[in-house]
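Given the structure is predicted, the values throughout are model-derived calculations rather than measurements.
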Amino acid sequence: MPTLTLLRHAKAAAALGQRDIERPLTDRGRSDAARMGAALSAHPYDLALVSAAKRSTETWEIIRASLVHPPPADIDRDLYLCGARMLTARLRILPQTANAALVIGHNPDMQEVALWLAGADETRVVRDIRDKYPTCAAATFTITRGWDQIGPKNAKLEQFLIPADLDG
């Protein structure tokens, strides 16, 4: 069964004199991304979808360096603050041969898609996602049908990692 990891980009600097899309990671963001990369390091991703925002591409580069077998990445400007509906549409056209996808993007998109996929699940973990989807948090789901049928009836939340819970 395919897996999907929804990773919010790591902590970014405030937009002082620059456009939002150009905001780089802070030192804390780089540290969190390195710890998250270590936590995800053995996961066999087939592909990565990455928002073209600088904070997302920097997060990807740090995560990629930690992966045993880094997948090809699609750096996509259309994923920059695209909204949950557009992100879901993009997931539905993933190749059926992809067994594991990593998406690096923004809130509220990551949180909204994660909550949608969790459906009626009211576990503590889902309540935590509802309360806050912090920077560099990652929700991983098993998808029980093909990507073209992704939705709450065929997704199971397996894990929700936040940087504060990781060693480092």
Side-chain angles (χ1 to χ4, degrees), residues 1-12 25 28-29 31-51 53 55-60 62-64 66-67 70-71 73-74 76 79-94 98-168:
M1 287 185 273
T3 61
L4 169 66
T5 300
L6 299 170
L7 176 69
R8 183 178 176 195
H9 63 77
K11 180 80 173 154
L25 295 181
R28 184 184 122 202
S31 173
D32 287 350
R35 290 187 338 214
M36 187 59 70
L40 300 176
S41 65
H43 205 330
Y45 295 108
D46 295 313
L47 58 93
L49 299 176
V50 182
S51 161
R55 59 194 180 271
S56 297
T57 60
E58 286 183 348
T59 300
W60 163 241
I62 295 167
I63 298 287
R64 185 181 68 76
S66 297
L67 298 177
D74 181 0
D76 191 344
L79 293 177
Y80 171 65
L81 301 174
C82 63
R85 189 171 278 174
M86 185 171 173
L87 178 56
T88 302
R90 180 68 173 88
L91 294 172
R92 285 192 171 133
I93 62 170
L94 289 176
N99 290 316
L102 170 65
V103 178
I104 301 177
H106 310 270
N107 248 11
D109 307 347
M110 297 295 111
Q111 184 177 33
E112 289 175 0
V113 172
L115 289 171
W116 175 68
L117 289 173
D121 187 342
E122 279 300 324
T123 61
R124 182 193 59 78
V125 175
V126 174
R127 289 192 307 271
D128 289 348
I129 291 171
R130 187 172 290 112
D131 289 342
K132 186 172 185 181
Y133 205 101
T135 54
C136 216
T140 300
F141 292 85
T142 298
I143 308 302
T144 59
R145 294 193 182 183
W147 295 111
D148 58 339
Q149 297 180 48
I150 194 169
K153 291 188 181 320
N154 61 31
K156 180 180 184 299
L157 179 63
E158 299 294 341
Q159 184 175 46
F160 183 60
L161 294 175
I162 62 173
D165 292 341
L166 302 174
D167 292 333

Indicate the atoms forming the closest heavy-atom contact of [X] with [Y], along with that distance.
X      : Y      : value
Ala155 : Thr144 : N-OG1, 4.4 Å
Tyr45  : Pro71  : O-CB, 3.3 Å
Ser41  : Ser66  : CB-O, 3.1 Å
Ala118 : Phe141 : N-CE2, 3.9 Å
Arg35  : Pro163 : NH2-O, 2.5 Å
Ala138 : Met36  : CB-SD, 4.1 Å

Rounded at 0.5 Å granularity, tell me how far [atom1] in [X] sits from [atom2] in [Y].
X      : Y     : atom1 : atom2 : answer
Asp76  : Ser56 : CG    : OG    : 11.0 Å
Glu58  : His9  : CD    : NE2   : 11.5 Å
Gln111 : Leu6  : CD    : CG    : 11.5 Å
Leu7   : Leu49 : CG    : CG    : 12.0 Å
Gln159 : Thr3  : CD    : OG1   : 10.5 Å

Ignoring hydrogens and geometry beyond distance, is a side-chain donor-acceptor pair present between Ser51 and His106 at under 3.5 Å?
yes
Qualifying residue for side-chain contact (heavy atoms from CB on, under 4.5 Å) with Thr59, from Asp32, Leu25, Thr135
Leu25
Of Asp165, Val126, Val125, the one forming a side-chain contact (heavy atoms from CB on, under 4.5 Å) with Phe160 is Val125
Of all residues at least two apart in sequence or in a different chain, which pass the salt bridge (charged side-chain N to carboxylate O under 4.0 Å, His left out) check with [X]?
X      : result
Asp109 : none
Lys156 : Glu158
Arg127 : none
Arg64  : Glu61

Report yes if some heavy atom in the side chain of [X] is under 4.5 Å from a heavy atom in the side chain of [Y]; otherwise report no.
X      : Y      : value
Ile150 : Leu4   : yes
Leu166 : Leu161 : yes
Cys136 : Lys11  : no
Ile63  : Leu102 : yes
Leu79  : Leu87  : yes
Leu157 : Leu117 : no

Taking it one step at a time, do Leu91 and Ile143 satisfy side-chain contact (heavy atoms from CB on, under 4.5 Å)?
CA-CA 11 Å; Leu91 294 172; Ile143 308 302; over 6 Å; no
Going by the rule side chain to side chain donor-acceptor pair (under 3.5 Å), which residues pair with Arg92 if we only count those two or more places apart in sequence or in a different chain?
none
Donor-acceptor check, side chain of [X] to backbone of [Y], threshold 3.5 angstrom: yes or no?
X     : Y      : result
Trp60 : Ala48  : no
Arg8  : Tyr133 : yes
Asp46 : Ala100 : yes

Would you mind listing every salt bridge (Lys or Arg N to Asp or Glu O under 4.0 Å) that reaches into residues 130-154, with sequence neighbours excluded?
Glu122-Arg130
